[in-house]
Amino acid sequence: MQVLSRAAARDGVLRRALRAVYEEIDASAGAGELPSPAALLLGAEPPGGRELARGPVGLAQVAHYGAAVAWQRVLAGRYGPPDALLAVSFGELAALTAAGAWTVGAGARAAYGLARVLARTPGGLTLIGCGEARAAELAVRAGGGRVAVGCVNSPRECVLGGPPDRLAAVERLAADQGLSAVRLHLPFGSHHPELGRQRGEFEEVLRGGPPIGPTAVPVYSAVAGRCYTPADDLAARAADCLVRPAHLPRILALLAAHGHTDYHEAGPGSALGRNAADCLRGTGARVHGAEGEGTGREGTEGAGTEGKGAERAHGRAGAVTGRGVRTVVETDETTAGRALGELLHGRHHPGRLPRLHRALARHPYRVAEAAAEREPYLYRRLRALLRALPAAAELHADPDGLAAALAWAAVADPRLGMTVVTQSVLGQGSLLRLAGAPEDVGPELGAVDAGDLRIGYLVTEAGRASSHLGAGTVAEFRPERREFVLRTAEEADVKFGGVPQYPGPRGAVVIARAVDAAGRAGGVFAFLVRLADHDGPRPGVLLSPPVPVGALPLSYHRVRFDGVRVPEAHWLRDDAGLDAHGHLHDPRTPEDRLRRTLAVGQDLWGVLPTALAALARQSAVLAVRHSRHRETRAALAPGTPLLAHRSQQRALLGALADAFALSCAAARARELLTAARESDAAGAESGFAPWAAVSRPLSAYKAHCADEAERIIAECQRRCGHAGLADGNRLAGYHGFARSFDPAGGDSRLIRYDLGRALLAEAGPGGPPPVPAGLGDPGWWPAVLARHQHTLTGRLRRATAERDRGGATPFEVWNPLLDRAAELGATYAARLAAEDLPRALAALPPDGATDALAHLAALRAADRAAGALLRHRTLAPGELAGLENALERGYDRLLPHLEQVERAFAFPDDIVLPEGFPSSLPEGPKTPSGPEFPE
C-alpha cells in the first residue's frame, strides 16, 4: 500500500478521492470497528502491505477496496465514464460499487464481511509460472486430488489453491521441472471447490446487507466468465469467487470480442494490468498502468512483463476499466457502424479486410462448371487469397481472422469457401494441432501457405458416411523403415472427399486406424498423405473418376489406398508415441483418441457460422435489390416495385432480421472457440457420434447455423424467381454451401441426437424458468426457449424411464425416441442463439436499426415455433395472442432502416456483383465497401 501512499502524495486528485471514499466508509460504519483507513494510509508514515496484513482482520481488504473505488473515480474524471468494468476476484466488490449497484459503505461492509470469512478459511495459494494446462497437470500429479487451479492470470501464470502440505508437494514437482512456484503471503485459500461452506457464509453476509441493485455500467466478471445481466443474482455471483476459478484470458477475449480496446487499471499496484497486457499481446489493445504509478507502462500495446505478488495472484488490484471504440471515433453514427462491422466480421488489424477485398476482387467470378476450366480458375483465386493471409499458425491463432477469411471467400465463390474449409481450416488445422513436433510438418505448412501444395481432408468413408465412430481405413506400422502403410480393407472403407485435379503436388489429411508393429489395433489418428505430384497419383493411391455434386461443383473423388507409404513424421500422433520396437503407447482411451483426432472440428464450428451468416446477409441483400428494381405487371398494381408488396416485405425484411440473429450467434461461436482451445474435455463420452463430446456448444452452433442459413437463403432464392436459380447469381451456390453442412462437418442430425441425450443425462430438478410478460422484452424469447427446453427434457425423461423399467436394451429405449432427442437438442441450440441477441445488443451502441432487427428476429423465431410451443403446452394460446400484431409492428419498425441495414450487410460489389442484379442502392455509392472498411 506504500505505492498507493506515494501516488497520493504526488497526485492531489487521487489524494482527495481517497480521502472522500475512506470518509464515506467511516461514516457508514461499513468497516465495523476498524481504525480509519484514511488516517493510516494518508498519514506521514503509511504502513506497508505486510503491516496492514498484521493489523485487525479486514483492515487490508477494506483499504484495498476503498483504493480501487477511489482510483476508478479518478479515471472516470480524467477519461470519462467507462464503457465497461472488469472485475477480477476481490475486485468484484469495487466493480459493483463503481457500477452503481450499491453504495461505498455497502461495498465496504461486504469487504469486511469477506475478510472475516477468509480469516476462518483453510488452505493456501501458490503462484506458478506456467499456463493453465500444465498447472492443472501438476495439480493432478502432486496434489492428491486436493489442489485446483484457482486463477488463470495469463498464458504464462496461474495460481493454485489447496491444503498447504499438498501445495508444498506441487511446488517441489514444479521446481524439479524448472518452473517458478512461490507461496503467497495469504493465510487463507480461495477459488477452491472445497470452500462451499465459506461461500454460503459470505452469501449470507451479502444478503444481510443492503440489497445489490442493477448495474449502470456493464460489469464483466472473470469468475462468471461473462457480462452480468439484469437477471443475475449478484449476491450469489459475488460469493462464487470463493469456489470458482477466475480466468482472466477468457474474459479479456470476450471483452475484445465486444469491441473493448483500451484498458486502465483501477487499483494499487500494476499486477493486473501486466497480466492483461500479457493476455492481449499482439491484439492492438492498449493497457494503461495505474495512474500516478510511474511504471512507464502508459499505453502498453498488448505487451506484458513477468512479475509476482499477492495482489496479482489474488486479483486484488480491483477493477480494470475497459474503454471501447467510442474513444477513437468522431460521431455516434460512425461508432455504431464500426461496432456493427466488428460484430459481423470480427475484430481485425485495420488492413486485414481491405487485403481480403483486393485479393478476391483480382479474379472475377466465373461459373466454370467443367473441371478443366474450373480448377485453374479456383487455383488462381486460392493463390491470391493465400498471399493476402498470414501464415497458417498465425491465422489459426486468431479465430476472427480465420472466420473472416472463410466468410469472404465463401461469399466471393462458395467453391473457394469450401476449399478454404478443407485445406486451411481442417487440413492445416490438423497439422498445427496434432503434429508430434512442429518441424515434422513445417515444410508442408509452408508449401500450402505458398500455394505450392494443395491439401484436403479425408475423413468420410463411403460405407459409413455421416458417422465417424469407426474408421475402416488402416495404417500399419513398419518398424524397419519407420513408416506406416495405408490400406483400404473393404469397399465400405473407401474415402470420399474433395481432391483437386489441377496438376501439381496434392495431399490430404487422412483419418485412419493405427496398427502397431505387433499387430495391435490402436486408436484413430490423422496422417498427412501425399496423393499426387506433377505426374499424377502416387503409387498406391487410386482415384475414382470425378463424382458430380451439382449443389457445390468441385472435384470430388472416391479414394482407395493400396500400400501407400507414409513416413513416421507425417503421423499426426498428438501425445501418443511409438517405441524403438514399433509398439504404440497412447495415454488416451480409443474413444478419447477419436475425439482428440477430430477436435479440429471445433475450429470449423467456431468459424463456419460466420461464413453462413455472411452468405445469409448477402442473399438477403441481393433479394432486396432485385425486389426494389423488379416491377410487377399484375393488374393489382402494374409498374409497382416488387418490394412495395407487403408479402415481399415480410419475407425479405424477415430474412435481414434472421441473418442478423445468425450473425449474433456467429460472433458468440468465435468467442466460444477461443475458450474451447484452452480446454480439453478428456473423458467426454461419445454417443451416436463423437461431435458433442468434442464441444457441445460449438457443435450445437454448427447444426443450428447451417439449418438457419439454408432456410434464409432458400427463401431469398424463391423471392428472386428465375434470377434466384441462375448459377451466375450465386444464390444457388450459397444454398448449396449451407446445405452441404447439414451432413458435412459433423452430421447435424446426429449432433442433435447427442445433444438431447446429453442434456437428459445432466438435467437436474427444478421448475420451469419464469417468462417475462411482454413480447417486447428482450429476455422474453430466450426465457420461452429455456422453459421449452425444460418441458421437452421432462417429457423425454419420463419416456426413457418408462422404457427402462421394462428391461429394454439401450437401442430399444432410444430407437423410438431419437426424434424427441433431436427436438430437445435443436431447442437447446436455438436457446443459445436466442440468448446471443440481447448479448449482442448490450455490446453495441444504441441504434434503431439493430434494435429493430433483433426484435423482429425474436418474434419471427417465436412464430415459427408456435406450433411446438402450444403442442407441448410450454405456452398457453393467450400468451401468443398478440404475436401477429407484434410482427406487423416489427416489420414497420425495421422498414425505415432498410437502406442502412442493406449498406451494412452488403459485401463490396466487385467481389459479389452477380448477373442481372442492380449493383447498389439507387442513391448509394456504386461500389460500397461494407461497414467501415478503409482501403
Side-chain angles (χ1 to χ4, degrees), residues 89 123-186 189-192 245-250 252 269-282 297 300 302-315 393-394 397 432-442 569 572-580 585-588 596 677-680 682:
S89 190
L125 296 165
T126 293
L127 181 73
I128 188 162
C130 65
E132 180 183 8
R134 193 167 183 187
E137 178 187 354
L138 292 170
V140 169
R141 289 183 58 188
R146 301 286 306 282
V147 175
V149 178
C151 301
V152 181
N153 292 344
S154 77
R156 298 179 291 172
E157 184 179 288
C158 293
V159 175
L160 299 177
D165 59 327
R166 301 290 188 180
L167 286 176
V170 174
E171 290 162 2
R172 289 192 294 271
L173 179 60
D176 292 342
Q177 296 185 9
L179 298 175
S180 62
V182 179
R183 185 74 57 87
L184 304 181
H185 296 290
L186 295 171
S190 188
H191 299 288
H192 198 285
H247 203 297
L248 187 60
R250 195 168 295 161
L252 284 170
S270 59
L272 183 56
R274 284 198 296 267
N275 283 325
D278 205 11
C279 296
L280 296 166
R281 186 188 306 274
R297 287 194 305 110
T300 301
T305 58
E306 287 299 319
K308 299 173 177 64
E311 290 179 347
R312 173 203 293 213
H314 200 225
E394 183 181 347
L432 291 165
R433 275 177 171 268
L434 300 173
E439 58 270 18
D440 290 343
V441 294
L572 306 184
R573 59 183 177 85
D574 189 31
D575 51 2
L578 287 161
D579 63 20
H585 299 280
D586 191 350
R588 300 177 182 271
R596 281 284 296 176
R677 286 175 169 178
E678 300 167 2
S679 64
D680 178 7

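Side chains included, hydrogens not; waters and symmetry mates left out as well; all remaining heavy atoms used.
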Side chains of residues 168-175: which donor-acceptor partners sit under 3.5 Å, not counting sequence neighbours?
from   : atom 1 : to     : atom 2 : distance (Å)
Glu171 : OE1    : Arg183 : NH2    : 3.2
Glu171 : OE2    : Thr126 : OG1    : 2.5
Glu171 : OE2    : Arg183 : NE     : 2.7
Glu171 : OE2    : Arg183 : NH2    : 3.2

How long is the straight-line distance from CD of Glu157 back to CZ of Arg274, given to the nearest 0.5 Å? 9.0 Å

Any donor-acceptor pair under 3.5 Å linking the side chain of His192 with the backbone of Arg146? yes

Do the side chains of Pro587 and Asp575 get nearer than 4.5 Å, heavy atoms only? yes

What distance do Arg141 atom CZ and Arg134 atom CZ have between them, rounded to the nearest 0.5 Å? 9.5 Å

Check whether any side-chain N or O of Asp586 sits under 3.5 Å from a backbone N or O of Arg588 as a donor-acceptor pair, and report yes or no. yes

Test Arg250 against Glu132 for side chain to side chain contact (heavy atoms under 4.5 Å, CB included), laying out the working first. CA-CA 12 Å; Arg250 195 168 295 161; Glu132 180 183 8; 4.2 Å; yes

Heavy-atom check, side chain of Cys158 versus side chain of Cys130, under 4.5 Å: no

OG on Ser154 to CG on Leu272, rounded to 0.5 Å: 11.0 Å

Please report the shortest heavy-atom distance between Val441 and Ala435, naming the atom on each side. CG2-CB, 3.7 Å

Heavy-atom side-chain contact between Leu125 and Leu160 under 4.5 Å: no

Here the gap from Ile128 atom CD1 to Leu179 atom CG, rounded to the nearest 0.5 Å, amounts to 5.5 Å

Taking the side chain as every heavy atom from C-beta outward, state whether Val152 and Pro249 have any atom pair closer than 4.5 Å. yes

Nearest-0.5 Å distance, SG of residue Cys151 to CG of residue Leu127: 9.5 Å

Taking every heavy atom of Ser89 against every heavy atom of His191, the minimum-distance pair comes out as OG-NE2, 2.8 Å

I'd like to check Leu138 versus Val147 (side-chain heavy atoms, cut-off strictly below 4.5 Å). Are they in contact? no

Would you compute the distance between atom CG of Leu572 and atom CZ of Arg433 and round it to the nearest 0.5 angstrom? 12.5 Å

